[in-house]
Amino acid sequence: MTKVRVRFAPSPTGPLHMGGVRTALFNFLFAKKNGGDFILRIEDTDQTRYVPGAEDYIKESLDWLSMIPVESPWNGGDYGPYRQSERKHLYREYADQLIESGHAYYAFDTPDELEAMRDRLTKAKVPSPQYNASVRMTMKNSLTLSADEVRTRLDSGEPYTIRLKVPRNEEVRFNDMIRGWVQVNTNAMDDKVLFKSDGMPTYHLANIVDDHLMKITHVIRGEEWLPSAPTHILLYQYLGWEDSRPQFAHLPLILRPDGNGKLSKRDGDRLGFPVFPLEWKDPKTGEISSGYREKGYFPEAFINTLAFLGWNPGTDKELYTMSELIEDFSIERVGKSGSKFDVDKTKWYNQQYLRDKTTEQSGPALLEALTQEGLNIEQDKLPAYIDLMKERATFVEDMVEGRYLLEAPVSYDQKTINKKWKADSEGIVLSLIDLFETTDFEAETLHAAFMNHLEKNEIGMGAAMPILRVLITGQGFGPNMFEIMEFLGKENSINRLRKGIERLKNG
């Protein structure tokens with residue numbers, strides 16, 4: 001049985017979009033589920049679009065998400081190099097092979113001539129002007145020029161490209177693992193450029209050659225590559241590699257939250273959420289784009305978000321560890337339709353993982369956030385602080401809102417005071433002070449004593465609890481009040497109640 005080998009092949013042209021990360025994830029899960037290899041290849045054939053720092057960004061993103069390729073530019077492997085720019089010497093022989101077999105040709109058309117061709121076809125109301133079987137014989141290429149003239153042009157160093165010769169009126173069929181049978185008539189295809197005038201292959205040739213030489217068994221990529229798949233099928237056929245051609249799976253789009261179109265950076269900027277895994281600083285403009293890591297998201301939450309954008313386990317289970325995802329993942333359960341991105345669901349995932357984090361996991365980040373706010377906490381108090389705050393928090397930084405656990409409030413929630421401070425409120429608080437002075441300061445004991453006191457003295461919960469909370473914390477709502485008091489201790493809690501009465505009496 002052939003070992004499964006899949007690849008994630010990003011281009012280093014900027015930050016990695018979350019759609020690209022999802023493609024990497026589904027490749028990673030498929031490989032691990034099937035006992036195969038997850039490979040990373042940098043597709044940098046277009047050097048004009050290369051952006052410094054982009055390759056390091058890709059590596060750091062995958063490291064953060066614990067999706068480590070077994071072969072890559074950084075750790076090597078048996079099928080390297082893993083940057084296409086370093087494989088440049090490999091591609092020309094396959095382009096020449098296609099020319100010799102009559103499946104490709106030299107094209108000497110200048111940019112101006114190509115533009116004139118498109119203008120001519122547009123004026124003739126041709127729906128999709130393109131360089132194809134019906135046009136190629138009107139252009140300047142090795143199919144229309146004599147062999148001697150072609151040789152003269154090549155020998156003189158005249159710029160040229162190599163184009164695929166797509167046959168007229170044939171059916172190209174392949175079985176997509178997600179979409180089923182796909183069939184395209186070649187009359188709808190153009191003669192794609194395989195080799196550019198700068199001596200570099202295009203994506204179409206390079207990725208086919210690389211996938212073959214790297215023994216890739218399955219190509220799992222985004223839906224945007226589906227229109228190119230028929231070209232790739234022809235290349236496998238023309239190069240004599242049909243028997244070893246990988247299976248294709250084209251993933252559905254990630255859509256805007258309203259479902260209207262593909263999710264873009266502009267949508268994230270407009271609606272206030274990241275579309276990149278990590279923060280990115282544009283080396284040219286200095287513009288900084290936010291990332292999920294820097295926004296306080298856990299990698300587990302981001303992974304869960306991406307997994308459910310297109311895949312469905314067929315159960316009600318919503319929270320997965322990576323090992324559980326690997327166990328349950330199936331490419332057959334990836335849908336064809338685009339998936340709407342839900343930023344609230346992403347926050348919900350983060351909240352669930354925050355609640356599950358131990359003090360050892362979330363403590364260092366919390367200590368840093370508290371320090372930045374000028375707050376100090378004793379190390380032995382940290383676990384209790386985290387337990388109190390994380391139920392209502394979405395991010396670690398949200399737990400800084402519990403500063404009232406570390407320092408007495410300097411102001412009180414005015415809405416609660418206006419609504420709940422009555423003529424008898426001072427007397428109620430004083431009676432509670434007397435009660436607490438003789439009560440063991442454990443949350444359950446405090447709660448029982450409080451409830452018994454209210455019942456015995458016919459005091460309504462609404463008359464006592466809001467005032468108790470606001471005088472101790474300054475807030476109108478928050479975690480369990482008696483757990484807060486246990487955290488603060490008897491002396492601190494009672495002092496806050498006494499000072500609160502004096503401040504309200506004195507205006």
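Here the CG-NZ distance, from Asp191 to Lys165, works out to 9.0 Å after rounding to the nearest 0.5 Å. Atoms CD1 and OG1, from Ile208 and Thr231 in turn, are 9.0 Å apart once rounded to the nearest 0.5 Å. Separation of atoms NE2 (His250) and CD (Glu224) is listed at 8.5 Å; rounding is to 0.5 Å. A distance of 8.0 Å separates CE in Met67 from CG in Leu29, rounded to the nearest 0.5 Å. Between atom CE of residue Met18 and atom CZ of residue Phe273 there is a gap of 7.5 Å, rounded to the nearest 0.5 Å.
Annotation: Lys317, atom NZ; neighbour count of heavy atoms from other residues, nucleotides and ligands within 6.0 Å is above 12. Other residues, nucleotides and ligands contribute at most 12 non-hydrogen atoms within 6.0 Å of the NZ atom of Lys340. In Arg49, the CZ atom is not crowded: 12 or fewer heavy atoms of neighbouring residues, nucleotides or ligands sit closer than 6.0 Å. Enclosure of atom CG in Asp380 by more than 12 non-hydrogen atoms of other residues, nucleotides or ligands within 6.0 angstrom is indicated. Dense packing is recorded around NZ of Lys390, with more than 12 heavy atoms of other residues, nucleotides or ligands lying under 6.0 Å away.
Contact of the Val6 side chain with the Ile39 side chain is not registered, since no non-hydrogen atoms from C-beta on lie closer than 4.5 Å. Side-chain atoms of Lys88 and Met200, non-hydrogen and from C-beta on, do get closer than 4.5 Å to each other. Here the side chains of Val135 and Asn132 are in contact, with some heavy-atom distance below 4.5 Å. Between Asn207 and Arg221 there is a side-chain heavy-atom pair separated by less than 4.5 Å. Counting heavy atoms from C-beta outward, Leu319 and Trp348 have side chains that approach closer than 4.5 Å. A heavy-atom distance below 4.5 Å is not found between the side chains of Glu60 and Glu55. Residues Pro257 and Val343 fail the side-chain proximity criterion, which asks for heavy atoms closer than 4.5 Å. In this structure, the side chains of Leu154 and Phe108 come closer than 4.5 Å at one or more pairs of heavy atoms.
For Gln247 and His218, the side-chain atoms include at least one donor-acceptor pair closer than 3.5 Å. No side-chain donor from either of Thr110 and Asp112 sits under 3.5 Å from a side-chain acceptor of the other. Asp109 and Tyr131 share a side-chain donor-acceptor pair at under 3.5 Å. Between Glu158 and Ser156, the side chains place no donor N or O within less than 3.5 Å of an acceptor N or O (distance only, hydrogens not considered). Using modelled atom types and a 3.5 Å distance limit, the side chains of Tyr79 and Asp37 yield no donor-acceptor pair. When only modelled atom types and interatomic distance are considered, Glu368 and Thr371 share no side-chain donor-acceptor pair under 3.5 Å. Between the side chains of Ser323 and Thr321, at least one donor-acceptor pair of N or O atoms lies under 3.5 Å. With 3.5 Å as the limit, one finds no donor-acceptor pair spanning the side chains of Asn350 and Thr394. In this structure, a donor-acceptor pair under 3.5 Å is present between the side chains of Asp328 and Tyr320. Under 3.5 Å, the side chains of Asn185 and Glu171 contain a donor-acceptor pair of N or O atoms.
Checked against Tyr94 for a side chain to side chain contact (heavy atoms under 4.5 Å, CB included), the options Ile99, Leu194, Leu213 give a single hit: Leu213. Screening Leu65, Leu62, Leu306 against Leu25 for a side chain to side chain contact (heavy atoms under 4.5 Å, CB included) leaves a single residue, Leu306.
A salt bridge does not link Lys295 with Glu279: none of the charged nitrogens is closer than 4.0 Å to a carboxylate oxygen. Taking a cutoff of 4.0 Å between a charged side-chain nitrogen and a carboxylate oxygen, Arg266 and Asp269 do not qualify as a salt bridge. Ion pair Arg153/Asp155 not flagged as a salt bridge, since none of the NZ, NE, NH1 or NH2 atoms sits closer than 4.0 Å to an Asp/Glu carboxylate oxygen. We find that Glu113 and Lys140 are joined by a salt bridge, their nearest charged nitrogen and carboxylate oxygen being less than 4.0 Å apart. Salt-bridge formation is not detected for the pair Arg245/Glu242: no Lys NZ or Arg NE/NH1/NH2 atom is positioned less than 4.0 Å from an Asp or Glu carboxylate oxygen. With respect to Lys281 and Glu287, no salt bridge is recorded, no charged nitrogen being found less than 4.0 Å from a carboxylate O. A salt bridge links Glu300 to Lys357: one of the charged nitrogens lies within less than 4.0 Å of a carboxylate oxygen. Salt bridge status for Arg41 with Asp211: present, with a side-chain N to carboxylate O gap under 4.0 Å. Ion pairing between a basic and an acidic side chain is recognised when a charged N comes within 4.0 Å of a carboxylate O; Arg87 and Asp210 show such pairing. Ion pairing between a basic and an acidic side chain is recognised when a charged N comes within 4.0 Å of a carboxylate O; Arg83 and Glu43 show no such pairing. The existence of a salt bridge linking Glu71 and Arg7 is excluded, since no basic side-chain nitrogen approaches an acidic carboxylate oxygen closer than 4.0 Å.
Taking the ring axis of Tyr349 as reference, the NZ or CZ atom of Lys345 stays within 45° of it and closer than 6.0 Å to the ring centre. Both the sub-6.0 Å distance and the 45° axial angle are satisfied by Lys381 relative to the ring of Phe487. Figure legend: cation-pi geometry between Arg163 and Tyr105 absent, as NZ or CZ is not positioned both under 6.0 Å from the six-membered ring centre and within 45° of its axis.
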Ring pair (Phe, Tyr, Trp, His ring centres under 6.0 Å), that's the test. Do Tyr203 and His232 meet it? Break it down for me. CA-CA 10 Å; Tyr203 170 85; His232 301 163; 5.8 Å; yes
For the pair Tyr106 and Tyr160, evaluate ring pair (Phe, Tyr, Trp, His ring centres under 6.0 Å) and give the outcome as yes or no after the intermediate values. CA-CA 7 Å; Tyr106 299 108; Tyr160 66 89; 5.4 Å; yes
Yes or no on salt bridge (Lys or Arg N to Asp or Glu O under 4.0 Å) for Asp56 and Lys59, after CA distance, side-chain angles and deciding distance? CA-CA 5 Å; Asp56 291 337; Lys59 181 181 185 302; over 6 Å; no
For the pair Ile178 and Ile331, evaluate side-chain contact (heavy atoms from CB on, under 4.5 Å) and give the outcome as yes or no after the intermediate values. CA-CA 7 Å; Ile178 295 172; Ile331 200 74; 4.2 Å; yes
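For Ser72 (side chain) and Pro69 (main-chain N/O), no donor-acceptor pair under 3.5 Å exists by modelled atom type. Looking at Thr144, its side chain does come within 3.5 Å of a backbone N or O of Met139 through a donor-acceptor pair. A donor-acceptor pair under 3.5 Å is absent between the side-chain atoms of Asp267 and the main chain of Arg256, judged by distance alone. A donor-acceptor distance shorter than 3.5 angstrom exists from the side chain of Arg355 to the backbone of Glu391, with no hydrogens or angles considered. Here the side chain of Asn187 pairs a donor or acceptor atom with the backbone of Asn169 at under 3.5 angstrom. No donor-acceptor pair under 3.5 Å is formed between the side chain of Asp176 and the backbone N or O of Trp181.
A centroid separation of less than 6.0 Å is found between the aromatic rings of Phe302 and Tyr292. Taking the six-membered ring for Trp and the full ring otherwise, Phe395 and Tyr297 have centroids separated by under 6.0 Å. Aromatic pair Phe26/Phe329: ring centres closer than 6.0 Å.
Applying the ring pair (Phe, Tyr, Trp, His ring centres under 6.0 Å) test to Tyr82 and every residue at least two apart in sequence or in another chain returns nothing.
Among all heavy-atom pairs drawn from Pro283 and Pro52, the shortest one is CG-O, 3.9 Å.
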